[in-house]
Amino acid sequence: MAEMTLQSIFTPEIIADPYPMYRQLRESNPALALPDANLLVLSSFELVQATLKHKQLGHGDDPRLTQSELDEFLSSPARASLRRTMLLKNPPDHTRLRGLVVRAFDARRVEAMRDSVIRIANDLVDGFIDAGPGGDLVRLFSHPLPVIVICDMLGIPEADRSQFVTGTRISGRLIDPTPMTPEELQQANENVLESQIYFESLCDERRANPTDDLITGLVESEDEHGKLTKDELTSNIALLFAAGHETTVNLLGNALLALYRNPDQLQLLKDDLDLMPNAVEEFLRYDSSVQLSARSALESTSLGGMEVTKGTQIITLLAAANRDPEVFDDPDTLDITRKGAKLQSFGGGIHYCLGAQLARLEAIEALKVLLQRLPNLRLLEIDNPDWKQTITLRGVKSMPVTW
Ligand code: HEM
């Protein structure tokens with residue numbers, strides 16, 4: 001096993017369908033050690049859950065890196081920016097940064113967005129329905145919808161949105177556990193620098209003309225309360241923007257693919273749209289748009305009876321945990337009536353997804369609108385869709401359909 005690397009595991013064939021590989025890992029070794037990489041790959045529900053809740057497992061560098069290797073790694077503006085986000089911080093910085101935005105995502109505020117999400121979904125369908133008979137549903141619907149929702153929340157002006165709505169500037173490869181190519185890194189750096197300039201100027205604008213959006217709130221936290229630095233401000237806005245759409249875009253695509261690959265479940269749902277909230281839980285479990293998360297042992301500690309040395313890097317395969325037969329009956333079957341499913345899709349512990357309720361609401365309402373308004377929707381590529389070549393984030397690049 002020593003020569004096994006993550007690059008050798010995540011081939012394009014595995015990316016197209018990682019579940020048999022997850023199953024093999026879970027059955028043969030749910031805590032696979034790759035000593036050459038100082039890495040532990042966890043694939044059982046129990047170990048994944050225990051890791052995410054474990055206080056000594058947080059975010060930190062591989063101790064085998066020299067200072068100059070680390071400096072070189074962080075000389076990338078994209079990586080440096082990601083490091084400033086709550087996603088990769090430990091307490092107390094994590095607590096401080098998350099505390100600044102957590103209220104905006106509470107249940108009441110998210111519920112208040114339901115009508116607007118329904119309206120956005122209908123507006124998008126209005127925009128393309130007469131132009132049929134077909135097109136790319138990612139471009140027409142599943143990409144723009146979450147982008148518009150998060151732009152509304154952050155307060156990105158309508159006039160500036162087209163650049164975000166038509167294409168994503170976020171490189172999902174940045175959060176993959178395998179090394180990026182120089183081209184990928186350069187592209188990610190350019191994108192981050194460009195969005196930093198944009199978000200900085202938007203923050204200046206909000207400083208001059210405050211409103212009630214999330215960016216104004218964050219700007220005030222920086223200026224008046226000294227609760228975050230200028231760099232933290234733009235990096236965390238960029239995180240909210242990225243986490244707030246890419247994941248949900250992919251969830252919509254993965255959900256549709258799962259449904260059209262399982263026509264009995266599609267029919268069941270069409271016959272009773274009240275099943276949608278439960279169905280969305282099942283879509284999240286069955287093929288999550290976030291497949292894994294990463295941790296590092298901040299101290300030497302024990303995990304599920306194993307000794308874990310300080311500095312060990314850990315990958316928790318959330319999507320493998322979601323198919324653990326110890327927890328789910330018949331885990332490889334899509335069952336939109338499955339009851340009481342626990343999920344690892346939104347992570348757990350202190351980094352539990354801030355947008356979980358928002359993502360659920362968006363998926364429920366968006367999929368209802370689609371099924372109601374496009375009763376003859378057909379996916380043209382069900383067996384071999386065009387998967388994004390990313391490992392952590394899972395989703396299709398495009399979804400050719402007719403309606
Ligand atoms: C289907 C949609 C989504 C999925 C599957 C998802 C999944 C996740 C996961 C697994 C984590 C934890 C990562 C870790 O522990 O390392 C996370 C964190 C986070 N998510 Fe989501 N997410 C989704 C949608 C959203 C949305 C709509 C937002 C809204 C802005 C959002 C914002 C965040 C933020 C800010 C964090 C970092 C929280 C922290 O570090 O404390 N996510 N998400």
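We use all heavy atoms of the structure for the numbers below, so side chains are in, but hydrogens, waters and symmetry mates are not. Note that ligands are numbered from 1 as they come in the structure, with each ligand's atoms numbered from 1 the same way. Values in this document were obtained by computation on a predicted structure and should not be read as measured data.
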Novice: Is there a nitrogen or oxygen of Tyr352 sitting under 3.5 Å from a nitrogen or oxygen of ligand 1?
Specialist: no
Novice: For Arg23 and Asp332, indicate whether the former's side chain and the latter's backbone hold a donor-acceptor pair under 3.5 Å.
Specialist: no
Novice: For ligand 1, which atoms sit closer than 4.0 Å to a heavy atom of Ile150?
Specialist: 30 (C)
Novice: Under the 3.5 angstrom rule, does the side chain of Arg373 hit a backbone N or O of Ile129 as a donor-acceptor pair?
Specialist: no
Novice: Could you list which atoms of ligand 1 come closer than 4.0 Å to a heavy atom of Phe105?
Specialist: 29 (C), 30 (C)
Novice: Counting only heavy atoms closer than 4.0 Å, does ligand 1 sit against the backbone of Arg98, its side chain, both, or neither?
Specialist: side chain
Novice: Pick one: which of Lys339, Arg338, Arg360 meets salt bridge (charged side-chain N to carboxylate O under 4.0 Å, His left out) with Glu281?
Specialist: Arg360
Novice: Looking only at non-hydrogen atoms, find the nearest pair between Thr11 and Ser8 and report the distance.
Specialist: CG2-O, 3.7 Å
Novice: Using a strict 4.0 Å cut-off to heavy atoms of Ile350, name the atoms of ligand 1 that fall inside it.
Specialist: 41 (O)
Novice: Give a yes or no answer on whether the side chain of Asp213 reaches the backbone of Ile156 with a donor-acceptor pair at less than 3.5 Å.
Specialist: no
Novice: Can you find a pair of side-chain heavy atoms, one from Gln7 and one from Pro179, that are under 4.5 Å apart?
Specialist: yes
Novice: Need the ligand 1 atom indices (1-based, order shown) with element for anything under 4.0 Å from a heavy-atom of Ala243.
Specialist: 24 (C), 25 (C), 26 (C), 28 (C), 31 (C), 32 (C), 33 (C), 42 (N)
Novice: Output the list of atoms in ligand 1 that are nearer than 4.0 Å to some heavy atom of Val290, sorted by atom number.
Specialist: 4 (C), 5 (C), 6 (C), 7 (C), 10 (C)
Novice: Given that the side chain starts at C-beta and the backbone is N, CA, C, O, which of these parts of Leu87 lies under 4.0 Å from ligand 1, counting heavy atoms, or is it both or neither?
Specialist: both
Novice: For Thr248, take its heavy atoms, then give the atoms of ligand 1 lying under 4.0 Å from any of them.
Specialist: 2 (C), 27 (C)
Novice: Got the closest protein heavy atom to atom 10 (C) of ligand 1, with its distance?
Specialist: Ser345 O, 3.2 Å
Novice: Does Arg161 form a salt bridge (Lys or Arg N to Asp or Glu O under 4.0 Å) with Asp152? I'd like the steps, not just the answer.
Specialist: CA-CA 10 Å; Arg161 288 186 190 181; Asp152 280 347; 2.9 Å; yes
Novice: Please classify the Arg295 to ligand 1 contact at 4.0 Å (heavy-atom distances, strictly less than): side chain, backbone, both or neither.
Specialist: side chain
Novice: Does Gly311 offer a backbone N or O that forms a donor-acceptor pair with the side chain of Gln313 under 3.5 Å?
Specialist: yes
Novice: His94: heavy atom below 4.0 Å from ligand 1, yes or no?
Specialist: yes
Novice: Show, in sequence, the C-alpha distance, side-chain angles and deciding distance for Asp324 and Val48, and conclude whether the side chain to side chain contact (heavy atoms under 4.5 Å, CB included) test is met.
Specialist: CA-CA 11 Å; Asp324 187 337; Val48 166; over 6 Å; no
Novice: Can Arg360 be said to touch ligand 1, with heavy atoms closer than 4.0 Å?
Specialist: no
Novice: For atom 24 (C) of ligand 1, which protein heavy atom lies nearest, and how many Å away is it?
Specialist: Thr247 OG1, 3.1 Å
Novice: Could you tell me the residue and atom name of the protein heavy atom closest to atom 28 (C) of ligand 1, and the distance to it rounded to 0.1 Å?
Specialist: Gly355 CA, 3.4 Å
Novice: Answer whether the closest heavy-atom distance between the side chains of Trp403 and Leu370 falls below 4.5 Å.
Specialist: no
Novice: Can Thr85 be said to touch ligand 1, with heavy atoms closer than 4.0 Å?
Specialist: no
Novice: Can you sort out which atoms of ligand 1 are near Leu318, meaning under 4.0 Å from one of its heavy atoms?
Specialist: 10 (C)
Novice: Atoms of ligand 1 less than 4.0 Å from Leu240 heavy atoms?
Specialist: 30 (C), 35 (C)
Novice: Looking just at side-chain N and O atoms, do Gln186 and Glu190 make a donor-acceptor pair shorter than 3.5 Å?
Specialist: yes
Novice: Starting from atom 12 (C) of ligand 1, find the nearest protein heavy-atom neighbour and note its residue, name and distance.
Specialist: His351 O, 3.4 Å
Novice: Assert yes or no for the condition that the ring centre distance of His59 to His351 is strictly below 6.0 Å.
Specialist: yes
